[in-house]
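Chain A is the first sequence line, chain B the second, and so forth, proteins listed ahead of strands; every chain is numbered from 1. Any value given below was found using the heavy atoms of this structure, including those in side chains, with hydrogens, waters and symmetry copies removed.
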Amino acid sequence: MHSIVDAGIIESNDQVEARLEHLRALKDLVGNVYPNKFERSRITGRDDSITRIVDFGPVVEVVNEIKAHIATLAEGERPHQEVKDALNAKLEMLGNVRVSGRLTTTPRTMGKAAFVHISDGKNRLQIYVRKDDAAGVRNDFGFSNLDFGLEETSTENPKSEIQIPESPSGWDIFKLLDGGDFVGVEGFLFLTNTGELSVHVMKLQFLSKSLLPMPDKMHGIADPEIRQRQRYADLIASSLQVEHEGLTTRQVFEIRAKVISSIRRFLEDAGYIEVETPMLTPKATGAAAKPFVTHHNALDIDLYARIAPELYLKRLTVGGFEKVYELNRNFRNEGISYKHNPEFTMLEFYCAYMDVNGMMDFCEELLRQSIQEATGGLKVNYEGREIDFFEFERISMVDAVLRYLPTIPSIPVDRTWFNDTVKLRRLLGVAFAHSIRIPTEDGIGIQRTAEEIWNFGNEESILSQEYQDESILVFLFEEFAEPNLVQPTFIIDFPKSISPLSKASPANPEIAERFELFINGMEVANGFSELNDPQEQYERFLDQMQQRERGDDEAMVLDEDYIRALSYGMPPAAGIGIGIDRLVMLLTNKHSIRDVILFPHLRPERKAVEESDEAEGQN
RNA sequence: GGUCCGAUAGCUCAGUCGGUAGAGCAAAUGGCUUUUAACCAUUGGGUCCCAGGUUCGAGUCCUGGUCGGAUCACCA
């Protein structure tokens, strides 16, 4: 049988060899080197994790007292013995603890005693092992069995027949530990000469081996590929690192979890019910995107990974769920970028009898509460800029373009330009001119002045005949306004033609009652008053199909069953989709969506592919 | 897909003008019973991403490729 080293799954080097050798020696000492359990003490009320111990009130109190004492001392001066003794007496009153964790470093041994920190992935606690007084534990008998197992068996079997291996010394076990190993210890809490909370180990039990060396404790993992491909190693590294800028990887995902649970709580408190609609669907509906296709053998039909749950959720409003939400994955077979992953987490919810304005109000409240709960405030620092979630601006798409359009005094642009095809085309030319950056040696490129852009743009406008008026507006918005929308901003008054599922504004039939929320130039949410007229919806779908025939493969497909559902009558309603990954990026100051997804999609590992091909060739 | 940057010990990184391959951490051995990125001494450890070229000589220069990152264009 191949070993994992022979098979090339882990690389063999002097580090790994040394660890394997330690493991063999440990096997002789403790028996089972992968024991099944370790029972932790319960001085904090339930299983004492390291985090629960260091957060435990009486412990925190003692730690704060020694900190206060140290603050009064000169630099380098040790805490006074009598202060330490008094506090250590308090810690001893708490009783012995049994805690377990991963060694964060190689042990610092000093002749006949040693210190090392153990970590529960979140917090660390120092343990102190002395050659004199640390007993080792054999895993065949274990902590609890050591005390009770002997008596039970001895009633049935003569004592002489039982082979009880001699207990190893804790020190012998300790000498075979490597950074990253798991151990369980029993002992008492105390403060060291430098005032650090530690466990004086009386019993040491080996729990599991790390055969691979731990990531660098100062630098962590530098290779971004390993960070994302081997997230487990990234999480270990971020918990071991002595210093780090910003949040640790673990903290990022803790914030993500907090935001999500806070959102669920908010929606539930507001009367929403969570549902799960199909991930595999016969039609890729509800959004404009390329889907993943798969095949169901038994039914012999193609199925699509859903690109949005929208139409299913609205079917549920037809069925009588007045407030309904789904918080789960969507799949889109499109590019990967800093803000795109093939699968991403979307919150969608629908509320009967509400319109787009009510939805914007509600969305603001939802975001404010969940951001407050997840981060402790409403202001976040994102790439050096402060984003304030207290205020959300609302501005129409046309006004947003007007605000950020480069202007020159000789050509005053106003709202009327957007209703004039000729003038719109001039603006499109300006947008083309604006998008062209003159390359420079440093590769960054320089932008032209407003005057140059206008002069150049007016020549370019002749190229723009193929654009429809509405798509020109969107193009202008994306070119001029979008990158500038840093603070939370609702863009409202979308052209109806690009919003096939939204209701038109009562005031203007060409405008959809729709908004998109932009933060830091990124679309974070998209909502509207839901179109519930089956006849109009049918016509909008037909229009989309025409666009598809003209070559737009992202135009929506017709969903007859959805039209049938609407025909039963759907209440007026508003709905919204919120991109959770992007929201988490903003809250954790992460520039890439891959940093807020635990296992983002990457190219297949090159080495592994080649080797498995070779193996197949040999067989 | 375009442009720019990178790949050297297990990890993080130096490597000058083209001239014997380096440091810290990690590993091994020894010392040290309250250390804090512990310390001291000794030792081992390299396909300098791959292929080709220039050269007496290439980690270094040139060409091509692989992998990765950043960025721009399309998509939420």
Which donor-acceptor pairs under 3.5 Å do the side chains of residues 583-591 of chain A make with protein atoms, sequence neighbours left out?
unit_1   : atom_1 : unit_2   : atom_2 : d
A:Thr588 : OG1    : A:Val584 : O      : 2.7
A:Asn589 : OD1    : A:Glu383 : N      : 2.8
A:His591 : ND1    : A:Glu383 : OE2    : 2.4

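Crowding of A:Arg548 atom CZ: a count of heavy atoms from other residues, nucleotides or ligands under 6.0 Å exceeding 12.
A:Ile226 has its CD1 atom 12 Å from the C1' atom of B:U12, to the nearest Å. Rounded to whole angstrom, the span from the CZ atom of A:Phe115 across to the C1' atom of B:C39 amounts to 14 Å. Look at CG on A:Leu197: it is 18 Å from P on B:U34, rounded to the nearest Å. Regarding A:Glu479, its CD atom lies at a distance of 12 Å from the P atom of B:C72, rounded to whole Å. Nucleotide B:G69 holds its C1' atom 12 Å from the CG atom of A:Asp595, rounded to whole Å. Atom CG of A:Leu20 and atom P of B:G10 are 16 Å apart (whole Å). Separating the CD atom of A:Gln228 from the P atom of B:G68 is a distance of 12 Å, rounded to the nearest angstrom. Counting to the nearest Å, the P atom of B:G68 and the CD1 atom of A:Ile221 are 17 Å from each other.
Checking B:G52 for Watson-Crick or G-U wobble geometry (two distances, each under 3.5 Å) identifies B:C62 as its partner. When Watson-Crick and G-U wobble pairs are counted only if both distances are under 3.5 Å, B:G45 pairs with no nucleotide at all. Partner assigned to B:G1 is B:C72, using Watson-Crick or G-U wobble distances below 3.5 angstrom. With a cut-off of 3.5 Å on both pairing distances, B:U35 has no Watson-Crick or G-U wobble partner at all. Shown here, B:C11 forms a base pair with B:G24; the pair counts as Watson-Crick or G-U wobble because both key distances fall under 3.5 Å.
Residue pairs meeting the salt bridge (Lys or Arg N to Asp or Glu O under 4.0 Å) criterion with at least one partner in residues 514-526 of chain A, sequence neighbours excluded, are A:Arg514-A:Glu516.
Put simply, A:Arg108 has a side-chain N or O that comes within less than 4.0 Å of OP1 or OP2 on B:A38. Between A:Arg78 and B:U35, a side-chain N or O to OP1/OP2 separation shorter than 4.0 Å is present.
Salt bridge annotation for A:Glu364-A:Arg394: present, with a cationic side-chain nitrogen under 4.0 angstrom from a carboxylate oxygen.
Rounded to the nearest Å, the gap between the P atom of B:C5 and that of B:A9 is 23 Å. For the C1' atom pair drawn from B:G46 and B:U8, the interatomic distance equals 8 Å after rounding to whole Å. Distance check on atom C1': B:C17 versus B:C74 gives 48 Å, rounded to whole Å. Separating the C1' atom of B:U60 from that of B:G22 is a span of 15 Å, rounded to the nearest Å. Between B:U20 and B:U63, the distance separating the two P atoms is 25 Å to the nearest Å. Spacing between B:G10 and B:U47 at atom P, rounded to whole Å, works out to 7 Å. The C1' atoms of B:C50 and B:A7 are separated by 11 Å, rounded to the nearest whole Å. Only the C1' atoms considered, B:C49 is 41 Å distant from B:U35, to the nearest whole Å.
Using a 4.0 Å heavy-atom distance criterion, A:Asn341 is classed as a base contact. A:Phe190 comes within 4.0 angstrom of a base, heavy atoms only. Here A:Ala289 lies out of heavy-atom contact (under 4.0 Å) with every strand. Using a 4.0 Å heavy-atom criterion, one finds that A:Ala114 contacts no nucleic acid atom at all. Within the nucleic acid shown, A:Lys290 has no heavy atom closer than 4.0 Å to any nucleic acid atom.
A:Val16 is listed as a side-chain neighbour of A:Leu212, based on a closest heavy-atom distance under 4.5 Å.
Using a distance-only test at 3.5 Å, with no hydrogens or angles considered, a donor-acceptor pair links the side chain of A:Arg19 to the main chain of A:Gly179.
For the side-chain contact (heavy atoms from CB on, under 4.5 Å) test with A:Leu23, the passing option among A:Leu176, A:Val33, A:Asp178, A:Asp181 is A:Val33; the others fail.
Using a 30° and 60° split on the angle between ring planes, A:Phe490 and A:Phe392 fall in the parallel class, below 30°.
The salt bridge (Lys or Arg N to Asp or Glu O under 4.0 Å) test applied to A:Arg78 returns no partner, not counting sequence neighbours. With sequence neighbours excluded, the residues forming a ring-ring contact (aromatic ring centres under 6.0 Å, His included) with A:Phe477 are A:Phe518, listed by chain and number.
Residue-to-nucleotide proximity on RNA chain B shows that, of A:Glu196 and A:His591, the 5′-proximal contact is made by A:Glu196. Of the residues near RNA chain B, A:Ser337 and A:Ala222, the one whose nearest nucleotide (by heavy atom distance) lies more toward the 5' end is A:Ala222.
A donor and an acceptor atom sit less than 3.5 Å apart, one in the side chain of A:Gln126 and one in the base of B:U35.
Ring pair A:Phe190/A:Tyr128: centre-to-centre distance below 6.0 Å.
Side-chain atoms of A:Arg594 lie closest to B:G69 of the nucleotides B:G69, B:G10, B:U35.
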Return a single string for nucleotides 25-33 of chain B, one symbol per nucleotide in 5' to 3' order, where B is base contact, S is sugar-phosphate-only contact and - is none, cutoff 4.0 angstrom on heavy atoms.
SBSS---BB
Do A:Arg256 and A:Asp581 pass the salt bridge (Lys or Arg N to Asp or Glu O under 4.0 Å) test, and can you show the C-alpha distance, the side-chain angles, and the key distance before you say yes or no?
CA-CA 8 Å; A:Arg256 184 180 173 117; A:Asp581 312 280; 3.0 Å; yes
What's touching nucleotides 4-9 of chain B from the protein side, N or O pairs under 3.5 Å?
none

